[in-house]
Amino acid sequence: MSATAHAPAVRRVAVIAGVGGYVPPTVVTNRELTSQLDTTDEWIRTRTGIVSRHMVSPGTATSDLAVEAGRRALESSGEHSVDTVVLATTTPDHPCPATAPEVAHRLGLGDAAAFDIAAVCAGFLYGLATAAGLVAAGTAERVLLIAADAFTTIIDPADRSTAIIFADGAGAAVLRAGTADEPGAVGRVVLGSEGGLADLIQVPAGGSRQRSRGIAPAPGEEFFRMRGRDTYRHAVERMTSAARQAAALAGWEMATDIDRLAAHQANARILTAVAERLGIDAERCLSNIAQVGNTGGASIPLLLAEATTSGELVAGHRLLLTAFGGGLAWGATTLVWPDLKTC
Ligand code: UT7
């Protein structure tokens, strides 16, 4: 046997090589919502931290947001090619087929493998784990991971507890094969779920459960429903515990080893509670919820792209990501932010 046959194999990991974000141009302020809903600007600001959000215009779909974010991530990576496209979304363009193949086609990515994953607001973390696994197995060399949601298309505009929070946007990252010691290498990803609480966040109609009944859905069943207060409690608990597990797997101490926390932008009060429990002060927490609201799965990559552009996130920062959403599903991971340009 040759000497190289005995050499330890270098573990292939996924390394972030590009990042991009996109929000549709239409901005909806709290004051505009007060003309349609029994709410106030003050209630929304103090209970959620949201001041304004972006909303798709009529006819715009998730793929339109995903293509823009994906294009920007590819430009950021400096290379317009990938062999796999993964799209995390709760609002696919159609129930069938998946939206990712159309996104890959519109981005001119040839016959790249393309599929959707569904993990609601934890979609980017589930997507990172999926991309990392494909790269580690040698199935993929370069993955475009996009998380995009036209969330307002499933929100009941008359439901004041959800219409004030959820919004539209997309974020994306290019991941290439690399080694664990490189900046951008995705750390171990912690994932979890609790399907016994699926009814906390749900769109009751439109799936096989309702369609197999053979009768039209009851009014409002096609809209997203959330038991807000219970969801809030689980969001704080799960994002905190997943973040602790991910940091421990990386051997990082909360007090000294984390430069930035990028948590799913669910609600500013949830973000504060998670950061306080973790012992991470406000200066180390990235946040854009005031301007974009809760953009579902898009939340974290959109935040990373914006923070890279603004300079709040720079090369060398040790970053902790944590997310939670319907399912229930959650995830967390760590990485050292690489030197990226944004477009
Ligand atoms: O993205 C991942 C999953 N989602 C989340 O993590 C979101 C988690 N939940 C939340 O962010 C919060 O629960 C909400 C923002 C949805 C609601 O805030 P809250 O402080 O938990 O309010 P609440 O649901 O406990 O409601 C308190 C009161 C209720 O009135 P009563 O029953 O006390 O008279 C609601 O009817 O506030 C009322 N309310 C509102 N009032 C004015 C609910 N929504 C509004 C509103 N404007 N928009």
Side-chain angles (χ1 to χ4, degrees), residues 14-24 54 62-77 82 84-91 99-100 103 107 116-132 142-151 166-176 184 186-187 189 239 260-266 271 285-289 291-310 312-313 317 319-325 329-335 337-338 340-343:
V15 175
I16 292 190
V19 71
Y22 176 74
V23 285
H54 295 254
T62 293
S63 63
D64 303 321
L65 310 179
V67 164
E68 280 308 317
R71 194 188 316 281
R72 292 174 188 197
L74 288 164
E75 277 174 36
S76 164
S77 80
V82 294
T84 307
V85 176
V86 179
L87 175 66
T89 187
T90 307
T91 56
T99 305
V103 171
L107 285 169
D116 292 1
I117 58 174
V120 198
C121 299
F124 187 69
L125 268 297
Y126 270 75
L128 275 182
T130 304
R142 278 172 69 85
V143 180
L144 175 60
L145 168 62
I146 308 173
D149 274 315
F151 228 104
F166 290 97
D168 304 329
V174 173
L175 297 121
R176 62 167 173 81
V186 178
V189 185
M239 281 204 278
R260 294 290 181 269
L261 172 68
H264 165 49
Q265 304 287 290
L271 299 176
C285 297
L286 298 174
S287 184
N288 62 354
I289 191 169
Q291 294 79 37
V292 303
N294 181 334
T295 55
S299 169
I300 287 182
L302 182 58
L303 178 65
L304 297 178
E306 289 189 1
T308 303
T309 302
S310 70
E312 286 172 273
L313 181 60
H317 271 157
L319 184 63
L320 176 60
L321 310 181
T322 188
F324 166 90
W330 56 87
T333 196
T334 54
L335 72 149
W337 196 242
L340 298 178
K341 65 181 175 66
T342 48
C343 308

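Worth saying up front: this structure is predicted, and the values here are computed from it rather than measured.
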Considering only heavy atoms from C-beta outward, does the side chain of [X] approach that of [Y] to under 4.5 Å?
X      : Y      : result
Asp168 : His54  : no
Val186 : Ile16  : yes
Ser287 : Leu271 : yes
Gln265 : Val292 : no
Leu128 : Leu321 : yes
Leu145 : Phe124 : yes
Trp337 : Thr308 : yes

Quick one: pull up [atom1] in [X] and [atom2] in [Y] and give me the separation to the nearest 0.5 Å.
X      : Y      : atom1 : atom2 : result
Leu125 : Ile117 : CG    : CD1   : 10.0 Å
Asp149 : Leu65  : CG    : CG    : 9.0 Å
Thr295 : Phe166 : OG1   : CZ    : 10.0 Å
His264 : Ser299 : NE2   : OG    : 5.0 Å
Glu312 : His317 : CD    : NE2   : 10.0 Å
Arg260 : Leu303 : CZ    : CG    : 11.0 Å

Considering all heavy atoms of both residues, which atom of [X] and which atom of [Y] are nearest to each other, and what is their separation?
X      : Y      : value
Ala262 : Leu319 : CB-CD1, 4.2 Å
Ala329 : Ala122 : O-CB, 3.6 Å
Leu144 : Ala172 : CD1-CB, 4.3 Å
Gly20  : Arg72  : CA-CB, 3.9 Å
Cys343 : Ser76  : SG-N, 3.5 Å
Leu107 : Val67  : CD2-O, 3.5 Å

Under 3.5 Å, is there a donor on one side chain and an acceptor on the other for Thr62 and Thr91?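 Looking only at side-chain atoms, Thr91 and Thr62 do form a donor-acceptor pair, the distance falling under 3.5 Å.
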Between the side chains of Arg142 and Ser77, is a donor N or O closer than 3.5 angstrom to an acceptor N or O?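 There is such a pair (donor and acceptor under 3.5 Å, judged by atom type) between the side chains of Arg142 and Ser77.
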For Ser63, run the side-chain contact (heavy atoms from CB on, under 4.5 Å) check against Ile146, Thr99, Leu87 and tell me which one passes.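 For Ser63, the side-chain contact (heavy atoms from CB on, under 4.5 Å) check succeeds only for Thr99.
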Asp116 (side chain) donor-acceptor with Ala100 (main chain) under 3.5 angstrom: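 Yes; judged by distance alone, with no hydrogens or angles, the pair exists.
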